[in-house]
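These numbers come from the heavy atoms of this one structure, side chains and all, not from hydrogens, waters or symmetry mates.
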Amino acid sequence: MREINVFVMQRKFSKLFADLVSFVLGSQEKFVMRHRILNGTLLAGIIAMGVGLSSEFFREGFEMGGLIALWVAFGFACIFYYLARFQNKFQSLILPTFIISSLTSFLQIQYSGGIVSANLMLLAPILVLNMLILGKKFDWLAIVFFVSAVFVLNSIQTYHPEWFFDYSTDKARREDFLITGISILFLLGLMLRTLNRSYEDAIGEVSRLKYQQDGDYYLTSLLIRPLSGIRIHSQTVEFQTYIKQKKSFQFKSREYELGGDICVADQIVLRGRSYSVFANGDAMGKSMQGAGGVLVFGTAFRALVERTHREGILSGYYPERWLHTALSDLNDVFEGFDGSMSMSLLLGLVDEENGFLYYINAEHPFPIRYRDGKASFLSEEATNFKLGMHKDKARIETCWIRPGDTIILGSDGRDDLSIGFDAKANRVINVDHTSILRQVEESSGDIESLGKRLQKVGELTDDLSLLSIRFRFQSAEDMKLHENELQESIRLIQKNNYKEALNLLKEYAEIHGSDPAVWKLLYRVYRKLEKPAEAGLAAENFSNLHPSGLQMILDGAIQYAKANLIGEAIDMAERIYSRKPEVIPVIRILSRLYQKSKRPDKAEEYQKEIHRLQNDRLKSEETG
């Protein structure tokens, strides 16, 4: 019980003392540290000068000039303390406090035994206090002033000793030394306590803000978590991610990361075919700013995927049109921030049945293909501006992912490595964007090994994110075993017996509809039989199975146009234009189709595009 009472008394005393200090110096919420140091300095001066005034009545060597100086300084100190502590007159009191404290110390030197006396000790704490009050910007003035004053006083005392009062007895000197020592002890004690209290409050405030900031970081990381990552379980397409954000923090004894890089993958169905949709993005800024961009993108991307699942319009788009729509929607979101937020992005789709890849590069580092131990860039061209920076018709790149291939996407953290220092101790940043190819080869295309290897090669200066894509064929039907079944149809076509060939091909298509050869033959038969609608559908089915065949897509657009199926014809022609925007014949077809669909604005837009391309070619021929 006694120990408990002692503990309670100690806590009460500590709280009382803390309240007293806060009252004397000013609460930490209300004043900055320099303000509290000024209050402490003035209070220390009041106490020290009070001790000096009291001693004058009991000591030998009473001097009226020194006494008047002390009383004047004591009165000013009380007034200044009241104005600083209770009236918040801080800036206007810094210089007067500096002057009064300096003059008081020099007058004390003059009237109490000269510069060689014990009062020389008084200059040290006065100098430190005035440096703290003036701050870093002007503390050199205090040092220069005090050093100059010491030399000046020493010179004056040497040449004019009669200007300094000196005591006649050793007792007076000892009294002077004792009183000065006591004053300095008070001054230093209060100064140290003021500094310690200010630093304790400052450190406590910083710790509180740091904890609050880490809490905000933690909350943001929790919000990002469900918006990123791999959310599909495809039987044919495999994704892996590696993310190392530049900003790391601790919250509740656990390590977390926060940054502006994101890797995300999901699954959608377009026109009855399953696609894996993926994105690797790098938002502008780091830590909270970058994380804000990730939150915006992740939310918009998730909404886009959900809309595709629920709305029949988006799910009826071809992959090229879906990518254009997705990029436009995401760009609209970022444009709302008026340039204060942007994101580089690589957005794409993988056909889960045949491994055909469609992607748009919005100023993101070039994608890499690792095949047979060699790494190379898929394309060294950015096909669109960053999200939020500019709205333009993006070009769609395509390629086949063969079994055994690894497609690797990554943010610019993979290139912006600090690889050492130059002769002037300036940090050297890697500028060779092709060096990543060597690192991919040495890590055998494994992004976990690649991420760790990059951090050994150099220090990360930015967030790093890596996304890998692999495709493996399922045990599919071997179409070569059925080639003999098509031989009869081919023989009938060669004999111009299209109707009998059509019946055989229809039967074959019902059983082996995943064989692109049958749809190519059906297209030829329907075209000869002058059935453009059926020919267009056959060309469309062929392009779904073999999407790299642009000629068949164009043929399908032409047949749909002949069947007066203008909407279908436009969709097929737009697929070609999105991949090959420089092909003028395709643009002419689109212009005519939009004219037929009673959309003259779009027709005029494509006519202008034709003129622009023709002018560019003329200029290049003239300069060439």
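- With hydrogens and angles left out, the side-chain atoms of T461 and D416 include no donor and acceptor closer than 3.5 Å.
- The existence of a salt bridge linking D462 and K246 is excluded, since no basic side-chain nitrogen approaches an acidic carboxylate oxygen closer than 4.0 Å.
- In the displayed structure, K602 atom NZ is contacted under 6.0 Å by more than 12 heavy atoms of other residues, nucleotides or ligands.
- Remark: aromatic rings of Y359 and F278 are distant, center separation not under 6.0 Å.
- Taking 4.5 Å as the limit, every side-chain heavy atom of N361 sits out of range of all side-chain heavy atoms of N384.
- Taking the six-membered ring wherever Trp is involved, the centroid distance between the rings of Y217 and Y256 does not fall below 6.0 Å.
- More than 12 non-hydrogen atoms from other residues, nucleotides or ligands lie less than 6.0 angstrom from CZ of R612.
- Residue-environment remark: CZ (R524) stays at or below the threshold of 12 foreign heavy atoms within 6.0 Å.
- Side-chain contact between F542 and Y523: absent, with no pair of heavy atoms (C-beta onward) separated by less than 4.5 Å.
- Between the CD1 atom of I436 and the CD1 atom of I408 there is a distance of 7.5 Å, given to the nearest 0.5 Å.
- Inter-residue side-chain proximity for S315 and V269 is flagged as unmet; no heavy-atom pair is nearer than 4.5 Å.
- More than 12 non-hydrogen atoms from other residues, nucleotides or ligands lie less than 6.0 angstrom from CZ of R470.
- W400 and H546 have their aromatic ring centers within a separation under 6.0 angstrom.
- A 4.5 Å side-chain heavy-atom check between S489 and L504 finds at least one atom pair inside the cut-off.
- For the residue pair S465 and R414, no side-chain donor N or O sits within less than 3.5 Å of a side-chain acceptor on the partner.
- The number of heavy-atom neighbours closer than 6.0 Å to NZ of K247, taken from other residues, nucleotides and ligands shown, is above 12.
- Remark: E353 engages R273 in a salt bridge (Lys or Arg N to Asp or Glu O under 4.0 Å) (not counting sequence neighbours).
- Applying the side chain to side chain contact (heavy atoms under 4.5 Å, CB included) test between L537 and each of W519, Y526, Y560 identifies Y560 as the sole match.
- Residues G260 and Q245 approach most closely at N-OE1, 3.7 Å, considering heavy atoms.
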Just distance, no hydrogens or angles: give the donor-acceptor pairs under 3.5 Å from side chains in residues 366-375, sequence neighbours left out.
| unit_1 | atom_1 | unit_2 | atom_2 | d |
| --- | --- | --- | --- | --- |
| R371 | NE | D405 | OD1 | 2.9 |
| R371 | NE | D405 | OD2 | 3.1 |
| R371 | NH2 | D405 | OD2 | 2.6 |

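- Of the residues L347, D329, L345, L227, the one that meets the side chain to side chain contact (heavy atoms under 4.5 Å, CB included) test with F301 is L347.
- Between the side chains of S276 and E352, a donor-acceptor pair is found at a separation under 3.5 Å.
- The two residues G556 and M572 have their closest heavy-atom pair at CA-CE, 4.1 Å.
- The line from CG of N544 to CE of M552 is 12.0 Å long, rounded to the nearest 0.5 Å.
- Atom OH of Y594 and atom CD1 of I566 lie 11.5 Å apart (nearest 0.5 Å).
- Heavy-atom neighbours of I313 CD1 from other residues, nucleotides or ligands within 6.0 Å: at or below the threshold of 12.
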query = Does the pair D216 and Y218 meet the rule for a side-chain hydrogen bond (donor to acceptor under 3.5 Å, both in side chains), with working shown?
reply = CA-CA 5 Å; D216 293 339; Y218 175 68; over 6 Å; no
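- Aromatic rings from F377 and H433 are positioned such that their centres are separated by under 6.0 Å.
- Taking CZ of R453 as the start and CD of E448 as the end, the distance is 14.5 Å to the nearest 0.5 Å.
- Side-chain contact between N280 and I262 is absent, with no heavy-atom pair separated by less than 4.5 Å.
- A search for salt bridge (Lys or Arg N to Asp or Glu O under 4.0 Å) contacts involving E257 returns K244, not counting sequence neighbours.
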request  = Verify side-chain contact (heavy atoms from CB on, under 4.5 Å) between I576 and V583, making sure each step is shown before the conclusion.
outcome  = CA-CA 9 Å; I576 304 174; V583 179; 5.7 Å; no
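- With contacts defined as side-chain heavy-atom distances shorter than 4.5 Å, the pair L357/T398 does not qualify.
- Between E320 and R575, at least one side-chain nitrogen of the basic residue sits less than 4.0 Å from a carboxylate oxygen of the acidic one, meeting the salt-bridge criterion.
- Counting heavy atoms from C-beta outward, S468 and Y242 have side chains that stay 4.5 Å or more apart.
- When all heavy atoms of G293 and A283 are compared, the closest pair comes out as CA-CB, 3.9 Å.
- For the atom pair S443 OG and L454 CG, the distance stands at 7.5 Å (nearest 0.5 Å).
- Checked by atom type, the side-chain pair S449/D446 shows a donor-acceptor distance below 3.5 Å.
- Within the model, atoms OH of Y358 and CG of L349 stand 8.5 Å from one another, a figure rounded to the nearest 0.5 Å.
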query = Which is it for M343 and M389 under the side-chain contact (heavy atoms from CB on, under 4.5 Å) test, yes or no, and what are the steps along the way?
reply = CA-CA 9 Å; M343 173 178 270; M389 302 301 292; over 6 Å; no
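- Between the side chains of E540 and Y318, at least one donor N or O lies within less than 3.5 Å of an accepting N or O.
- Side-chain contact check for V350 versus F356: every heavy-atom pair is 4.5 Å or farther apart.
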Derivation of the salt bridge (charged side-chain N to carboxylate O under 4.0 Å, His left out) call for R321 and E574 = CA-CA 8 Å; R321 186 177 180 185; E574 286 281 11; over 6 Å; no
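- For the residue pair D515/Y508, the side-chain donor-acceptor check at 3.5 Å is satisfied.
- For the pair V277 and V305, the tightest heavy-atom approach, listed with the atom from each and the gap, is CG1-CG2, 4.4 Å.
- Side-chain atoms of Q551 and D555 form a donor-acceptor pair, as typed in the model, at a separation below 3.5 Å.
- N497 and E500 share a donor-acceptor pair across their side chains, judged by distance under 3.5 Å alone.
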ask   = Where do L460 and Q455 land on the side-chain contact (heavy atoms from CB on, under 4.5 Å) test, with the steps shown first?
value = CA-CA 6 Å; L460 296 180; Q455 294 176 68; 3.8 Å; yes
